[in-house]
Protein chains: 2
Amino acid sequence: MRYPKTHKEETRRKLIDSSRALLKQNGLDATGVDALMSSVGLSGGAFYSHFPSKQALLEEVIREEIQHSVSMLKPPSPEGGPTLAQRTKAYLSVQHVEHPEMGCVLPALGAELGRIPPEVKSIIEDGLKEMHAIWYDEVKDEGAAWAAIAQSVGAVILARAVKSDATRREILKGTRLNMERLIQQHTTGTPSS
Amino acid sequence: MRYPKTHKEETRRKLIDSSRALLKQNGLDATGVDALMSSVGLSGGAFYSHFPSKQALLEEVIREEIQHSVSMLKPPSPEGGPTLAQRTKAYLSVQHVEHPEMGCVLPALGAELGRIPPEVKSIIEDGLKEMHAIWYDEVKDEGAAWAAIAQSVGAVILARAVKSDATRREILKGTRLNMERLIQQHTTGTPSS
DNA sequence: GTCTATATCTAGATAGAC
DNA sequence: GTCTATCTAGATATAGAC
């Protein structure tokens with residue numbers, strides 16, 4: 001064979017990884033198959049040896065992105081890593097806002113997630129339920145757990161939608177303060193270890 | 001003249017109003033000039049008698065949408081209308097989530113707002129500052145005011161991104177409860193009238 | 001001011017050579 | 001598996017008739 005059997009899966013992996021960044025940066029509609037392929041040094045026509053359609057790639061990308069976002073929110077295995085409060089602080093950082101291509105898929109795609117087919121919405125839903133469980137474990141309150149996720153995602157979206165750095169920082173700082181308060185209110189009396 | 005002088009502005013008005021709904025429903029990129037024009041019963045070519053480009057229409061639409069969202073958040077002139085808490089409850093409703101075309105522009109466009117030109121981001125920013133002032137007036141806390149806006153927008157986006165009605169309702173209900181708590185915490189000791 | 005026709009460009013997807 | 005060439009469809013925008 002002209003290509004080693006590992007070649008296809010390597011190319012596929014590179015394509016997915018590159019697509020994850022590009023799609024988060026520019027959105028689902030605005031990123032064409034040609035752009036995705038040339039980002040891994042291939043021509044547009046070769047795409048269809050790897051996926052039957054652009055939609056199929058989008059599904060895979062969203063699946064991996066959601067899985068990744070959940071794993072980033074998850075507490076580190078034994079002990080010792082950053083706390084949920086600390087991970088949230090990093091989420092609500094200028095660094096995250098300025099680099100959607102490396103960040104969470106939820107604020108990067110935003111409203112586009114409301115327009116994807118139901119099968120893909122199921123993936124989002126499962127991921128959000130996992131995130132909710134992680135937050136619930138911390139704050140022991142169903143509502144507060146959903147609100148924590150909502151305001152994290154919302155703050156990053158809003159911070160990206162304003163022009164000035166000053167307002168961007170205000171939004172992030174304000175939300176960080178509120179999140180600290182939310183965590184503290186729901187964990188007082190519950191020793192953390 | 002073949003058309004009365006009020007005709008152009010009437011057509012323009014109808015076009016903008018119709019565009020506001022369509023763009024919020026389908027997104028900025030996915031809605032073409034032809035679709036916008038045929039929604040008011042005209043052909044695509046006639047568009048350019050009203051706007052020099054699609055981008056110019058988008059700016060006008062976003063400007064009016066932001067202005068409208070601010071006016072919806074604003075307390076009714078003298079007294080007697082719904083409270084901020086009540087208006088927030090309506091914002092976090094299934095009705096709002098299921099009808100993006102009639103709802104707030106921020107969750108309807110979401111991440112797309114992060115990719116518009118700086119001039120338009122200024123419009124968003126000014127509107128967000130007005131919304132922040134309205135919230136600050138209620139809760140007297142800069143951070144809580146930003147967090148209130150962020151979690152409202154975020155919750156609507158997330159509610160639209162999940163498949164099941166049950167989870168949709170959970171997200172909205174949880175966020176509503178948290179918003180009530182936020183308002184109550186920051187207003188105790190401050191009589192409301 | 002609006003129409004039809006068109007120019008130009010880009011999109012997703014397919015066909016056949018290598 | 002990847003390439004080039006191409007099909008079809010859709011986009012933004014323009015030109016000229018009415």
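All chains are named by letter (A, B, ...) in the order of the sequence lines, taking the proteins before the strands, and each is independently numbered beginning at 1.
Atom CG of B/Leu36 is separated from atom C1' of D/dA13 by 14 Å (rounded to the nearest Å). Distance, B/Phe51 CZ to C/dT2 P: 12 Å, rounded to whole Å. At whole-Å resolution of the value, CD in B/Glu10 and C1' in C/dG1 are 13 Å apart.
The closest side-chain donor-acceptor pair between A/Gln151 and A/Thr175, if any, does not fall under 3.5 angstrom.
Every pair passing ring pair (Phe, Tyr, Trp, His ring centres under 6.0 Å) that includes a residue from residues 84-123 of chain B is listed here, sequence neighbours excluded: B/Tyr91-B/His96.
Looking at residues two or more places apart in sequence or on another chain, you find a ring-ring contact (aromatic ring centres under 6.0 Å, His included) between A/His132 and A/Trp146. Residues that satisfy the salt bridge (charged side-chain N to carboxylate O under 4.0 Å, His left out) test with A/Asp29, not counting sequence neighbours, are absent from this structure. With sequence neighbours excluded, the residues forming a side-chain contact (heavy atoms from CB on, under 4.5 Å) with B/Glu65 are B/Arg20, B/Lys24, B/Val61, B/Val105, listed by chain and number. Partners of B/Phe51 according to the ring-ring contact (aromatic ring centres under 6.0 Å, His included) rule, which considers only residues two or more places apart in sequence or in another chain, are B/Phe47. Residues passing the side chain to side chain donor-acceptor pair (under 3.5 Å) test with A/Ser38, sequence neighbours excluded: none.
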Using residues 176-183 of chain B as the side-chain source, report each donor-acceptor pair under 3.5 Å to any protein atom, sequence neighbours left out, with the distance given to one decimal.
residue	atom	partner	partner atom	Å
B/Arg176	NH1	B/Leu92	O	2.8
B/Arg181	NH1	A/Asp141	OD2	3.3

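The shortest distance between the side-chain N/O atoms of B/Thr11 and the OP1/OP2 oxygens of C/dT2 is below 4.0 Å.
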Base versus backbone protein contacts along nucleotides 3-13 of chain C [heavy-atom cut-off under 4.0 Å; B, S, -]: BB-------SB
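The stretch residues 112-120 of chain A does not touch DNA chain C, since none of its heavy atoms comes less than 4.0 Å from the strand.
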